[in-house]
Amino acid sequence: PGFEFTSRKVGFIRGYSRRFWQGDTFHRGSEKTPGRVVTLLEDCGACTWGVAYEVRGEQIAASLEYLNMREAVLGGYDTKLVKFHPQEKDAEEPILALVYIATPQNPSYLGPASEEDIAAQIIVSSGCAGHNIEYLLRLADFMRYFCPQAEDKHLFSIEEALISILPCLYYTEESLEEP
C-alpha cells in the first residue's frame, strides 16, 4: 500500500461499487496517456470487496500523510468513514475504515466509458508504479483468489475486453531452445 501497517484484512463495504473511472497520470499512466484506476461510486445495493489496513501508533500519522498526498492532494478524492466487514468467520462487528473516493469535480476523473474503451486505454498506459495492465490483472486475480464468492462484473468485463484485444503470443518448444 505504500505505508507501514500492523495487519490487513480482506472484507467488504456496502453501498459502493468499484469503477475504473479515475485517471492516473503518475502511478499507472502519464500526462500523454493517462491510466485508469478504480474509485468507489455510491451505489445503495452494491457490495465492494477489498483490503483494509490497520495502522497503529506512529503508523497512523505517516499513513495519513502518505494517503492524503497520494489521494486527496494529487488525486482529488473525498474521504469517508465506512463500515468494513471482515471476511473472517470469527470476525466481530464491522470496523470503521477510511476510504478515498474520486469525485467528478477532480481534474483526473474520467468517468464512465465502455469496457472496451477502458481496456484500450489501459493497454497503452504505464507509469512509475508499472503498466496499467498489471494493475487490472492483479486486481482481478486478487478477487478470484481472496473473494471468489464476490461478483464484480465491471472489473471482469474490462479484463475480458483487454484479453480479447491483446495481441496473442505463441511459443513452440523450438522457439524456446537456445540458438
Side-chain angles (χ1 to χ4, degrees), residues 1-29 34-106 108-110 122 125-156 158-159:
F3 55 86
E4 288 188 33
F5 58 93
T6 300
S7 67
R8 58 181 267 162
K9 295 177 188 279
V10 174
F12 63 90
I13 61 173
R14 289 192 169 103
Y16 294 91
S17 55
R18 178 182 10 247
R19 294 289 182 263
F20 274 83
W21 291 1
Q22 176 66 13
D24 184 347
T25 59
F26 185 73
H27 291 102
R28 297 294 178 165
R36 285 236 180 202
V37 294
V38 296
T39 187
L40 296 171
L41 177 70
E42 287 191 47
D43 185 349
C44 288
C47 176
T48 299
W49 285 79
V51 176
Y53 295 91
E54 178 186 13
V55 291
R56 293 176 175 249
E58 293 178 8
Q59 295 173 338
I60 296 170
S63 64
L64 285 175
E65 182 179 331
Y66 170 79
L67 289 169
N68 283 333
M69 176 56 70
R70 187 182 85 181
E71 309 291 3
V73 176
L74 297 178
Y77 288 67
D78 283 343
T79 56
K80 295 197 178 191
L81 281 175
V82 298
K83 289 182 181 178
F84 179 83
H85 303 266
Q87 182 180 43
E88 304 158 347
K89 299 232 185 286
D90 61 344
E92 302 127 29
E93 295 294 313
I95 53 179
L96 281 180
L98 182 66
V99 294
Y100 291 82
I101 301 172
T103 65
Q105 289 74 36
N106 86 55
S108 297
Y109 188 81
L110 299 174
I122 287 172
S125 301
S126 185
C128 70
H131 204 287
N132 206 185
I133 293 172
E134 177 190 29
Y135 178 90
L136 169 68
L137 297 178
R138 288 184 73 183
L139 179 55
D141 285 347
F142 165 82
M143 291 297 293
R144 281 191 191 91
Y145 185 76
F146 289 101
C147 319
Q149 73 283 14
E151 288 188 36
D152 192 327
K153 289 182 181 183
H154 179 74
L155 169 64
F156 294 124
I158 295 168
E159 179 192 37

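The first residue of the sequence shown is numbered 1, and numbering continues consecutively from there.
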Just so I know, are the side chains of V37 and H27 near enough to count as touching, which here means a heavy-atom distance under 4.5 Å?
no
pair Y135-V38: side-chain heavy atoms closer than 4.5 Å
yes
Determine whether a donor-acceptor pair (N or O, by modelled atom type, separation under 3.5 Å) exists between the side chain of R36 and the backbone of L136.
no
Side chain to side chain contact (heavy atoms under 4.5 Å, CB included) between F3 and Q59: does it pass, once the steps are laid out?
CA-CA 8 Å; F3 55 86; Q59 295 173 338; over 6 Å; no
Looking at every non-hydrogen atom in both residues, tell me the closest pair between P104 and Y109 and how far apart they are.
CA-CD2, 3.3 Å
Taking atom CD1 of I95 and atom CG of L81, what is their separation to the nearest 0.5 Å?
11.5 Å
By side chain to side chain donor-acceptor pair (under 3.5 Å), which residues pair with R144, not counting sequence neighbours?
E159
Donor-acceptor check, side chain of H154 to backbone of F20, threshold 3.5 angstrom: yes or no?
yes
Heavy-atom check, side chain of F84 versus side chain of L96, under 4.5 Å:
no
Is it true that E42 and K80 make a salt bridge, defined as a side-chain N closer than 4.0 Å to a carboxylate O?
yes
Counting N and O atoms only, with roles assigned by atom type, does the side chain of D24 sit under 3.5 Å from a partner on the main chain of P34, one being a donor and the other an acceptor?
no
Minimum-distance pair of heavy atoms, taken over all atoms of R18 and T48:
N-OG1, 3.6 Å
Audit row: E54, S7, side chain to side chain donor-acceptor pair (under 3.5 Å) steps and yes/no:
CA-CA 5 Å; E54 178 186 13; S7 67; 2.6 Å; yes
Which heavy atom of Y16 sits nearest to which heavy atom of A46, and what is that distance?
O-CB, 3.2 Å
V99/T79 under side chain to side chain contact (heavy atoms under 4.5 Å, CB included): CA gap, chis, key distance, verdict
CA-CA 6 Å; V99 294; T79 56; over 6 Å; no
Of L110, T39, T103, the one forming a side-chain contact (heavy atoms from CB on, under 4.5 Å) with Q22 is T39
Got a donor-acceptor contact below 3.5 angstrom from the H131 side chain to the R28 backbone?
no
Kindly compute the distance separating CD (E134) from CG (D141), expressed to the nearest 0.5 Å.
10.5 Å
Output, in order, the C-alpha distance, side-chain angles, deciding distance and verdict of side chain to side chain contact (heavy atoms under 4.5 Å, CB included) for I13 and C47.
CA-CA 6 Å; I13 61 173; C47 176; over 6 Å; no
Interatomic distance, F26 atom CZ to C128 atom SG [nearest 0.5 angstrom]:
3.5 Å
Nearest 0.5 Å, what's the CD-CZ distance between Q87 and F146?
9.0 Å
Closest non-hydrogen atoms of Y100 and L98, given as atom of the first, atom of the second and distance, are OH-CD2, 3.7 Å
dist Q149:CD -> E151:CD (nearest 0.5 Å) comes out at 10.5 Å
How long is the straight-line distance from CG of L139 back to CG of D152, given to the nearest 0.5 Å?
7.0 Å
Provide the closest heavy-atom pair for G29 versus S125 in the form atom of the first, atom of the second, distance.
CA-CB, 4.3 Å
For the residue pair V10 and P86, establish whether any side-chain heavy-atom pair is separated by less than 4.5 Å.
no
What I'd like to find out is whether the side chain of V51 reaches to under 4.5 Å of the side chain of F142, using heavy atoms alone.
yes
For G35 and N132, which heavy atoms make the closest approach, and how far apart are they?
CA-OD1, 3.1 Å
Please state whether the rings of F12 and H85 are parallel, tilted or perpendicular, taking 30° and 60° as the class boundaries.
parallel
